[in-house]
Amino acid sequence: MEEVFFRITSELETLNNLNDPSTTISESTLSDLQTLFANALDADDTEDIDRLWDELASKNISPASLARYISSSMDSGPTHHTLLASQVYLSLLLSPNSPVLSLFNPVAFISLLSSIRRFFKKKQLGDEAGDSGSRGQVNNNKKKKGGGAGGGRGVRRNAHAGEGDEIDTSRFDFRLLFPVIEKLESVLCRIHLDRFPDSLKSLIQTVCEVPVAALEFYDNLGSYNRLSELCYRILIGVLKPEHGNETDTAVEVLRSLVPSILLLKSQARTSALRFVTHQMMVVAKGNTAVRKAVVYLPRYLVSKAPERSEPRAAAVESIMEIIRVMEFENRIGFVDYVIKMSEGKTHLRLLAVDLIPMLLMSLPDPLGLNVEDGDENWWGLKCLKVMIIRCSDLNAAIRARSLSNLAQVVDFLFGDVKGRDRLKGLLGFEDAGGRNWEGGLTGLLRKRCMDEKANVRKAALLLITKSTALLGRSVDGILLKTMGIACSDPLVSIRKAAISALSEAFRRFSDESVIIEWLHCVPCLITDNESSIQEEIENLFLELVLDRLSGVGNAGSINSTFPSSSASGKMESLNTVIESVYPGGVLNILKSICDSEVMICTRKICTSLGKKKRLKPAIAVSLQNIIKTSESVWLNHSWPIEQWTAPPGCWFLLSEVSSYLSKAVRWEFLHHHWQHLDKTESNNKIGSPLIQRGMDSDLDGIGSDSAAWAGDRVYLLQTISNVSVELPPEPAAELAHNLLKRLEEFTMHSTEVNAHVKALRTLCKRKALSPEEGDTLVLKWVNQLLSKALRIIEAYITEASDSSRANGFLTPNTTSNRKGRKKKTTPKASLQAVTAVYTVGSLVIISPSADLKGIIPVLHTIITSGGSETKSKKVPAPVSIKNLAPSLYTQSWLTMGKICLADQNLAKRYIPVFVQELEKNDCAALRNNIIVMMADFCVRYTALVDCYISKITNCLRDPCEVVRRQTFILLSKLLQRDYVKWRGVLFLRFLLCLVDDSQKIKQLADFLFGNILKAKAPLLAYNSFVEAIFVLNDCHAHAGHSESQGSQTQSRLFSIRGSDEKSRSQRMHIYVSLLKQMAPEHLLATSAKLCAEILAAASDGLLDLDDITGQSVLQDALQILACKEIRIQSNRGVAVDTTEIEDEGGDAGGTDAAVAARRKLVAQVAKKSLIQNAIPIFIELKRLLESKNSPLIGCLMECLRVLLKDYKNEIDDILVADRQLQKELIYDMQKYDTVKAKSTVVEAVATMQKLNPYRSPLGCRSGPSKLSNHLDVNGKLAEQLGSAQKVASVVGDVAAAATVKSVLREVNRGMSTPQLNSISRPKLKSSMRGFSKGDRPSDVLESLRRRQTFEFGEEN
């Protein structure tokens, strides 16, 4: 021990003689001091400590000097050295009989805290140094020597820390930190920091930083929790009164903990929150001073919450954990704060929207069910109202967030059965005694589903999905249509959300309107490009349609009796009974499936499900049961079976699923119904169902018309052919014989012909012993039918020719008699010939190798009859079949097309004939058929048809809507499959479909350009934009664009020339549709092209402005440059856009940064282009238009005003070349803003007064605040004008103007001032003379003379 005292005193004496305050104590001396103090503390013996003080006193070393030397050691040196010095200093303060007041000073205490911070800093720098060494070409062995665990003695040390110091990690040990923290806690019991506020603040900040800094270095969670507990015990200790004002200290502690609380998922955040909620809250309950700070902690967290999505969500969770442990009145105070915050700045409103749902779902009784009389000012009701208001926020991200959060709240609150009625009333789903808001949730959702922002539409659809269960009644019709439209949205996420919303409505409601909307909008997405959507459609169709039909297949018996009178009464009674047996809208589903558009999608879905083996036999059994049940009901009431038909859709759906469920369909069932349908048909003497339908008009109410019979027979035959493998041999042979026999009669409808031919071919091939035998058998009866069909066609032509010749030599009376006799046989012969021609086409499709030598000349004769082409020599045809039998003429073209598909040589000869007929024929049905054939030719013989594409596109302007739609659909499919290329005038002609008179065609065109074309050819809109302006205006005034026009007739056909409002609006709609497909850089390039190729051409004289089309082109270009779709968002829009990306679930890091950087770059380039290129062109063009006194000056000024409104502060620099234009633009901008704001306010006020004539004027409300008062005109105006301050100013101006107007009207008494020249000067009597009774005094006359009248611009 003597040696220890000697070493300590010797070194301290040496340091004292040096008189250098920066000199540090050596590590060995510090270790000796620590050992000395530790032994004294452990043994509770002061002898060694007293001796040390005596030795130091003998050397003239005071305790303050010792503290100073230790403080210098804490400030410099390696990490373990500074921590050892800190431990010695704390042990010194804790030693018995130590002079604490002399030893403690703020400088030394700050040095101690700095050494703790440096502990983690050195470690972090050491890790970074190791990482940088790994990244460089440094040898691993060298790294181990310099920074590994075994190279401790090779590390250079410097007494003074500086930039050149090497990082010491050789003796890094976390165990050095624990004694320091433990002793620091003990020291706080001996010293009071109320006199040292800076030291207290530094202590709090350091201790709060330790758990965060230590997190990344600790692998042992137990050790980390121990360290955190030590730190938080210190924080609890500083809250004592001896360390200063408790409220101020608590505020400082909580402020220092905020960075830890706002961390993302980490142990430091968990520990900090546990400290606040478990320890600080306990202290706060018994200490009013601390409670004040804790209560305001959530509000401070709100002010410090980050704006990014994920950190903001973490902040909300932290705030809610604190709120949950607060007392009720403090919670309500925070709720009121959040409600006020919802009217603040953008980031505060967004945070409020995130907090409110958490409050509603965390705190008890949000709807105030336990409050007497249902207080309308209950906190939960106010929060719900705020959520609904924010759904109409000006910021799109807030609207979307409000809608999605409201969906969560509705889903959560719906689980409480007691609160459902109140929730329905508040949201407007039922009468709530005036508490619900105007329009209800349905009105809000209609508007938000059509929002311009995708994330808002998606959130609105999610809210529809969640609130469907709350409706309790069918969905609003307009809302259904809106969801149906959303199913065709360009974005995949929107389509998925719309599918989910519409399907949820279908699950809960079986109304006919819901079923129809679902079947028309959802199954059609089976053709969607997104594979996940296709899978979802299959699953939904299986669940909502097929499983629902399967579930009702085993219905109970029918025990209903009802009277029967008329046919319509029978049908209503039948439907009533079947609906009672098969509930859930089964009949409506089957009936809606029969729609032509739905049938196509249903067929594709069933095929896909069948191939995946997902179809269950129960569906086939159920459909058979429904058909048998319908027949049983009919027979039970002794109605004639001839008038019965199966429920619509049953046979169709059975025919589709039977291909994959052949064993589930029983032959006895099919045989029974085939005999019934065949027997009923054979009783009809006239073969055509169309004729029979007219004869059975008295049975229309029952639905037994021949068209329904024909459809049932077609689907029944298809079902039979699908299950033909399972048929017994003898019934199969008998059925094949019957089918062939009916085909030979040529008396069936065309749809039945196809079904019979396909069924007969299937039976022959499946029952044959080998494929060759099946082909031979099929070819045999095909040739047999062809020969019979040829005889019928030739007989009809001969008969028609003979009749025509005979009529030319008869007298009028005889002609009349013979004509009457011919009319009895001609209709049937004509229908038989039409059926024969159609049968030929069907046979060619299934057997292309059949013998057609006699058929082709006859068909050639028919299709060329009435024309100038030479007729066939084999069959004379002096009569025009086109005029005599138009249906035969049309059918012959269709059959010839089928033959050409099987014979390429024949196609080469007849394709020009088809094109010629397409151009000159006036029959819409034939033109439609030829378009279909040309599309098939394009697939089969692409090179032959390619040269006729421009003539085919002429049908896009056909007068018949069906032909236009068919042409558009077929060409779109060919373009998608690359059989036709987007070149030449094809793209420009397709543009007119965007403004077609048919709403269906416009919807198809929007989908083509917005979805398919945008993905397949993204540059097409950009490359053809300027040319489209000239083509649509039919402008040839520019030499560079004259070659793009065809003949004069075609250029007029595919243009929308004219300066009238309708033509301009149609052209602008096309331009806007194209601009929406462009990326920001393409929008910028398009603006430059418009300036260079149109505006510059006009100013240089290349574009003739004397020509009306040239003026239209220039006007369109100016309007395009002024429209919002071509403007690139400035930097102010980046935050909103990135928020949308976050809400869509995108990458919160790289994606946002890339979007922001891209937008910023493009915006800078746009500004530079505007200043350097566009403005000089505008100045020259303005001078030219002024010299011509052109009316386009107004368009140019409006365009400039829009372009420069974002650069109001830079107009002086931009328009330095034309000061007059600068002044005019500034004046125009100010005037425009004023007039627009005023007109908006006046219009809104007038609208609100019209809707509610008893509404108080603006600013004159009284009474309790309700939700309807929030959704008033001021809120709507704020959304339109952009700020509440602007609204207040404008409303004040309007109110003042209205007041002045009212006062002046009283002054004038409604009389306007007459013209000055119409007023004769009054003859005034002198005041010196007397005046008679009735005359006015002179002062009155003088006042009248001076009185002025006022006019109002609004009234004049």
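Every value quoted in this text rests on a predicted model; they were computed, and no experiment measured them. Numbers for residues simply follow the sequence, beginning at 1.
Taking OG of S658 as the start and CD1 of I619 as the end, the distance is 11.5 Å to the nearest 0.5 Å. Atom-to-atom distance recorded for I855:CD1 and S787:OG is 8.5 Å, nearest 0.5 angstrom. Rounded to the nearest 0.5 Å, atoms NE2 (H756) and CG (L717) are 4.5 Å apart. Here H860 contributes atom NE2 and M896 contributes atom CE; the two are 7.5 Å apart, rounded to the nearest 0.5 Å. How far CD1 of I1012 is from CG of L975: 10.0 Å, rounded to the nearest 0.5 Å. A distance of 7.5 Å separates OG1 in T967 from CG in L918, rounded to the nearest 0.5 Å.
Here the side chain of T942 pairs a donor or acceptor atom with the backbone of C938 at under 3.5 angstrom. Under a 3.5 Å cut-off, the side chain of Q832 and the backbone N or O of T747 do not form any donor-acceptor pair. For the pair Y979 (side chain) and L971 (backbone), a donor-acceptor distance under 3.5 Å is absent. Although no hydrogens or angles enter the test, the distance criterion places a donor-acceptor pair under 3.5 Å between the side chain of N722 and the main chain of S655. Of the possible polar contacts, one joining the N783 side chain to the L779 backbone as a donor-acceptor pair under 3.5 Å is found. Between the T798 side chain and the E794 main chain, a donor and an acceptor come within less than 3.5 Å of each other.
The shortest side-chain heavy-atom distance between R989 and S950 falls under the 4.5 Å cut-off. Residues P523 and L519 meet the side-chain proximity criterion, which asks for heavy atoms closer than 4.5 Å. With contacts defined as side-chain heavy-atom distances shorter than 4.5 Å, the pair I526/F541 does not qualify. Between L590 and I626 the shortest side-chain heavy-atom distance falls below 4.5 Å. Counting only heavy atoms from C-beta outward, the side chains of L901 and V844 never approach each other to under 4.5 Å. No side-chain heavy atom of I863 sits under 4.5 Å from any side-chain heavy atom of E917. Between Y660 and K611, the closest side-chain pair of non-hydrogen atoms falls below 4.5 Å. I797 places a side-chain heavy atom less than 4.5 Å from the side chain of I862.
None of V834, I930, L926, N921 except one satisfies the side-chain contact (heavy atoms from CB on, under 4.5 Å) rule with T890; the exception is L926. No option in E961, R965, R964 other than E961 meets the side-chain hydrogen bond (donor to acceptor under 3.5 Å, both in side chains) test with S998. With Y838 as the partner, the side-chain hydrogen bond (donor to acceptor under 3.5 Å, both in side chains) test is satisfied by one option alone out of T895, T751, N754: N754. Evaluated for a side-chain contact (heavy atoms from CB on, under 4.5 Å) with V837, the options S892, S887, S750 yield exactly one hit, S892.
In plain terms, the two heavy atoms of A935 and L974 that are nearest each other are O-CD2, 4.0 Å. Closest heavy-atom contact between V665 and T719: CG1-CG2, 4.3 Å. Taking every heavy atom of both residues into account, A646 and D712 meet most closely at N-OD2, 4.0 Å. Here the closest heavy-atom approach between residue Q534 and residue T527 is recorded as NE2-C, 4.4 Å. Summarising the geometry of E752 relative to R742, their closest heavy-atom pair is OE1-NH2, 4.1 Å, with the distance given to 0.1 Å. When all heavy atoms of V621 and A664 are compared, the closest pair comes out as CG2-O, 4.3 Å.
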Under 3.5 Å, side-chain donor or acceptor atoms of residues 600-610 against the rest of the protein: list the pairs with distances, not counting sequence neighbours.
| unit_1 | atom_1 | unit_2 | atom_2 | d |
| --- | --- | --- | --- | --- |
| T602 | OG1 | V598 | O | 2.8 |
| R603 | NE | E656 | OE2 | 3.0 |
| T607 | OG1 | R603 | O | 2.7 |
| S608 | OG | E538 | OE2 | 2.4 |

(message) Determine whether L743 and M748 satisfy the following criterion, side chain to side chain contact (heavy atoms under 4.5 Å, CB included), listing intermediate values before the conclusion.
(response) CA-CA 8 Å; L743 283 170; M748 294 183 294; 3.6 Å; yes
(request) Could you walk me through whether C955 and R927 pass the side chain to side chain contact (heavy atoms under 4.5 Å, CB included) test, one step at a time? (result) CA-CA 9 Å; C955 292; R927 295 198 304 274; 5.6 Å; no
(request) Report the C-alpha distance between Y715 and L654 in whole Å, list the side-chain angles of each, state the deciding distance to 0.1 Å, and finish with yes or no for side chain to side chain contact (heavy atoms under 4.5 Å, CB included). (result) CA-CA 8 Å; Y715 298 129; L654 184 60; over 6 Å; no
(request) Take I899 and Y910 through the side chain to side chain contact (heavy atoms under 4.5 Å, CB included) test and state the conclusion after the steps. (result) CA-CA 10 Å; I899 296 174; Y910 278 94; over 6 Å; no
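Ring centroids of F937 and F914 are separated by less than 6.0 Å, placing the two rings close together.
A donor-acceptor contact closer than 3.5 angstrom links the side chains of Q675 and H671.
Open room surrounds NZ on K616; 12 or fewer heavy atoms of other groups in view lie less than 6.0 Å from it.
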